[in-house]
Number of protein chains: 2
Amino acid sequence: MKKTTIYDVAEEAGVSLATVSRVINGSNVVKPATRERVLDAIKKLDFKPNQIARGLATSKTTSIAIVFPESLFAHVKDMIGGIGDTARTLDYNISIYTTEEIGDGNPVNSVLEKVIKSRADGVVLFNSDNVDNEIEMMKKYNVPTVVIGYEVEDDNLCSISVDAKSISKEITNDYLDRGIDDIIFVKPRQNLVRLDEFADGIKEAFAAHGLTFGDERIISTSTHYEKSYPFFQNYFKDHRHQLVLNGYDKEAVAVVNGAQDNGIAIPDDMEVIGMMNTSYSIMSRPALTTIHVPVYELGAMAIRLLTKMLNGEEITEHKVIVSTHLIKRNSTK
Amino acid sequence: MKKTTIYDVAEEAGVSLATVSRVINGSNVVKPATRERVLDAIKKLDFKPNQIARGLATSKTTSIAIVFPESLFAHVKDMIGGIGDTARTLDYNISIYTTEEIGDGNPVNSVLEKVIKSRADGVVLFNSDNVDNEIEMMKKYNVPTVVIGYEVEDDNLCSISVDAKSISKEITNDYLDRGIDDIIFVKPRQNLVRLDEFADGIKEAFAAHGLTFGDERIISTSTHYEKSYPFFQNYFKDHRHQLVLNGYDKEAVAVVNGAQDNGIAIPDDMEVIGMMNTSYSIMSRPALTTIHVPVYELGAMAIRLLTKMLNGEEITEHKVIVSTHLIKRNSTK
DNA sequence: TTGAAAGCGCTAACAT
DNA sequence: ATGTTAGCGCTTTCAA
């Protein structure tokens with residue numbers, strides 16, 4: 001069964017292919033009567049223009065590539081709603097490329113290679129160990145890019161990131177002011193947000209109080225609850241703290257549950273603060289106080305920024321920094 | 001800055017474009033020395049073949065479209081790992097298309113139209129109110145399709161679904177045998193799995209015990225915890241049951257939390273069983289007994305089936321039915 | 001083993 | 001207002 005092409009439509013309507021092309025592209029120079037004939041032929045033949053051929057002819061694929069490491073999957077999931085909705089509204093397709101850090105043969109580059117070959121009009125990248133390399137690649141091939149969770153800017157390159165430092169500093173300051181200084185920071189190994197900056201905020205607050213927040217107070221954890229929960233269940237057998245700051249809600253739930261298993265009352269004996277304001281935070285018992293990050297909007301903004309670049313529109317901010325705020329629930333006093 | 005093409009490489013290497021094409025496609029008729037020259041030129045020019053042009057020439061896009069309603073997002077998220085990993089291994093790209101049921105202008109069809117225009121080699125569909133229509137469309141345009149969560153089969157059409165009926169019947173039977181018959185079923189409005197069959201399983205078990213499971217025992221809920229939790233918090237003010245079966249873990253957590261808020265002890269006063277075995281089930285307090293559905297594998301299988309169709313390989317099962325099993329944790333006795 | 005040339009299905013000048 | 005034609009960047013016969 002042969003696919004019907006623009007030629008078939010042209011023949012059916014008794015016009016040239018150029019005219020058919022004009023009507024499917026909404027040109028306004030076509031005589032209404034002709035347009036009708038063409039439209040009828042299109043309907044009769046169930047013709048759908050081949051986007052691939054169109055892409056070749058116009059050098060535009062109307063598609064955007066989203067590239068991220070598998071380990072960031074949980075975070076990207078939350079964001080992909082905003083990405084998808086916005087892309088759909090603006091008539092772009094999105095293609096997903098995941099990189100996996102494990103394994104040999106430089107898989108990351110082979111993924112980037114696919115992205116380049118696909119001739120996506122633009123790409124959105126996520127903060128990862130390899131992000132500099134990825135940015136370099138996109139620049140080399142001159143593809144408009146927006147990076148999420150990492151601060152950069154350049155020609156054809158914008159970024160959207162979260163101001164993690166201000167909020168962590170603010171929160172820490174507040175506790176320190178009240179004399180609460182036995183604080184630890186649980187830092188999941190991967191995150192959308194730059195958690196080093198989160199840690200820096202804590203350190204600055206300590207410094208401002210004439211104290212030191214040493215790296216031994218930072219606990220690196222897996223992003224898998226199956227691993228982090230047993231860890232904390234064990235950890236709290238012989239550790240107590242006043243406040244646990246977390247880089248992600250999921251780990252905060254592991255902390256809450258692990259601590260409660262050891263008879264530590266939340267928030268009376270220990271306070272816990274999560275990050276991202278995901279549904280985990282409201283499902284937790286007690287519900288988590290957490291730092292709200294507008295994840296959906298981050299995705300939406302990324303696509304909007306990208307399409308602006310693609311359309312050559314003026315961009316006022318190449319480097320967007322999104323601020324956050326604390327949502328108080330029951331895991332803090 | 002012009003993109004470098006196969007012509008540039010040909011010129012650089014002093015061969016014709018046909019030869020370049022041969023080496024990038026791994027033809028074994030090229031003389032090693034020539035191949036070297038071409039490879040050098042490719043490297044020197046950083047040439048990446050244009051997949052769009054190749055797609056036009058070969059009528060193959062090496063891309064697979066995944067189509068699902070936004071409301072199923074939470075479920076698809078869990079599965080997309082399996083889809084992505086498998087697609088990457090088999091060298092297919094995946095493009096995501098979401099349909100949204102709200103709104104006017106028949107948006108579902110406009111999405112399907114994009115899928116057709118994209119000339120994806122194959123498509124993966126998900127169970128939804130509109131799935132029959134979608135299947136029809138794919139059949140009309142002759143695109144190989146696999147449907148997840150819905151039983152169908154045909155030329156160029158396979159399906160993978162979950163046997164929800166057997167498990168619900170089995171579980172219900174077990175409780176009924178022990179004289180426990182105050183059972184309700186919480187049915188989220190959207191699901192990957194056909195929850196009507198789940199309900200049928202319950203009904204059959206009741207019938208086998210000479211009892212009736214009326215539809216008033218089925219509670220339809222939102223898939224948003226923000227909505228389902230307040231509902232159950234209120235519901236359990238004046239309702240008690242022995243067992244609550246749920247179509248999805250997230251709603252089960254809402255049941256657990258809502259019931260506990262009203263002093264109902266889980267599992268002593270009431271037992272709760274979730275479905276899917278997501279991370280929600282282990283984060284819940286008590287941890288949920290839940291029906292394990294191999295979601296990752298469902299996604300992986302879908303892609304494998306699809307690529308088999310694309311390669312014209314023999315397919316033994318067009319209609320795959322996946323079975324499930326109960327994982328006992330602490331929300332049941 | 002290599003090159004020439006046609007063609008994939010469109011768009012976009014350029015003519016008419 | 002419509003038709004003709006030259007690409008877009010590849011793959012794939014067919015010749016040499």
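The basis for the numbers below is simple: all heavy atoms, side chains too, and nothing from hydrogens, waters or symmetry mates. Just so it is clear: chains get the letters A, B, ... in the order the sequence lines come, proteins before strands, and each one is counted from 1.
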Nearest-angstrom distance from the residue atom CD1 of B/Ile52 to C1' of C/dG9: 13 Å

Separation of atom CG in B/Asn50 from atom C1' in D/dC8, rounded to whole Å: 9 Å

Mutual orientation of the aromatic rings belonging to A/Phe68 and A/Phe126 [parallel < 30°, tilted 30-60°, perpendicular > 60°]: perpendicular

base_contact_polar (D/dC10 base, B/Tyr7 side chain, donor-acceptor, <3.5 Å): yes

Exceeds 12 heavy-atom contacts within 6.0 angstrom, atom NZ of B/Lys31: no

Sugar-phosphate, base or nothing in reach of A/Thr58, heavy atoms under 4.0 Å: sugar-phosphate

Residues B/Lys114 and A/Asp91 bridged, charged N to O under 4.0 Å: yes

Separation of D/dT11 P from A/Leu56 CG (nearest whole Å): 11 Å

Greater than 12 external heavy atoms within 6.0 Å of B/Lys77's NZ: yes

Whole-Å gap separating P (D/dC10) and NZ (B/Lys48): 13 Å

Without placing hydrogens or testing angles, list every side-chain donor-acceptor pair under 3.5 Å for residues 149-158 of chain A, not counting sequence neighbours.
from     : atom 1 : to       : atom 2 : distance (Å)
A/Tyr150 : OH     : A/Asp132 : OD1    : 2.7
A/Tyr150 : OH     : A/Asp132 : OD2    : 3.1
A/Asp154 : OD2    : A/Lys139 : NZ     : 2.3

B/Ile24 CD1 - D/dT12 C1' separation (whole Å): 13 Å

Whole angstrom value for the distance that separates C1' of D/dT12 from CD1 of B/Ile6: 12 Å

Side-chain N or O of B/Ser21 closer than 4.0 Å to phosphate OP1/OP2 of D/dT11: yes

side-chain hydrogen bond (donor to acceptor under 3.5 Å, both in side chains) contacts touching residues 294-306 of chain A (sequence neighbours left out): A/Asp85-A/Tyr296

Neighbour count above 12 (heavy atom, 6.0 Å) for A/Glu12 CD: yes

Between protein and nucleic acid, restricted to nucleotides 1-3 of chain D and to nitrogen or oxygen atoms under 3.5 Å apart, what atom pairs and distances do you find?
from  : atom 1 : to      : atom 2 : distance (Å)
D/dA1 : OP2    : A/Val29 : O      : 3.4
D/dA1 : O5'    : A/Val29 : O      : 3.1
D/dT2 : OP1    : A/Thr34 : OG1    : 2.3
D/dT2 : OP2    : A/Lys31 : N      : 2.7
D/dT2 : OP2    : A/Thr34 : OG1    : 3.1
D/dG3 : OP2    : A/Ser16 : N      : 2.7
D/dG3 : OP2    : A/Ser16 : OG     : 3.2
D/dG3 : OP2    : A/Thr19 : OG1    : 2.8
D/dG3 : N7     : A/Arg22 : NH1    : 3.3
D/dG3 : N7     : A/Arg22 : NH2    : 3.4
D/dG3 : O6     : A/Arg22 : NH2    : 2.3

Spacing of A/Lys117 atom NZ relative to D/dG9 atom C1', expressed in whole Å: 14 Å

For atom CZ of B/Arg54 and atom P of C/dG9, their distance in whole Å: 18 Å

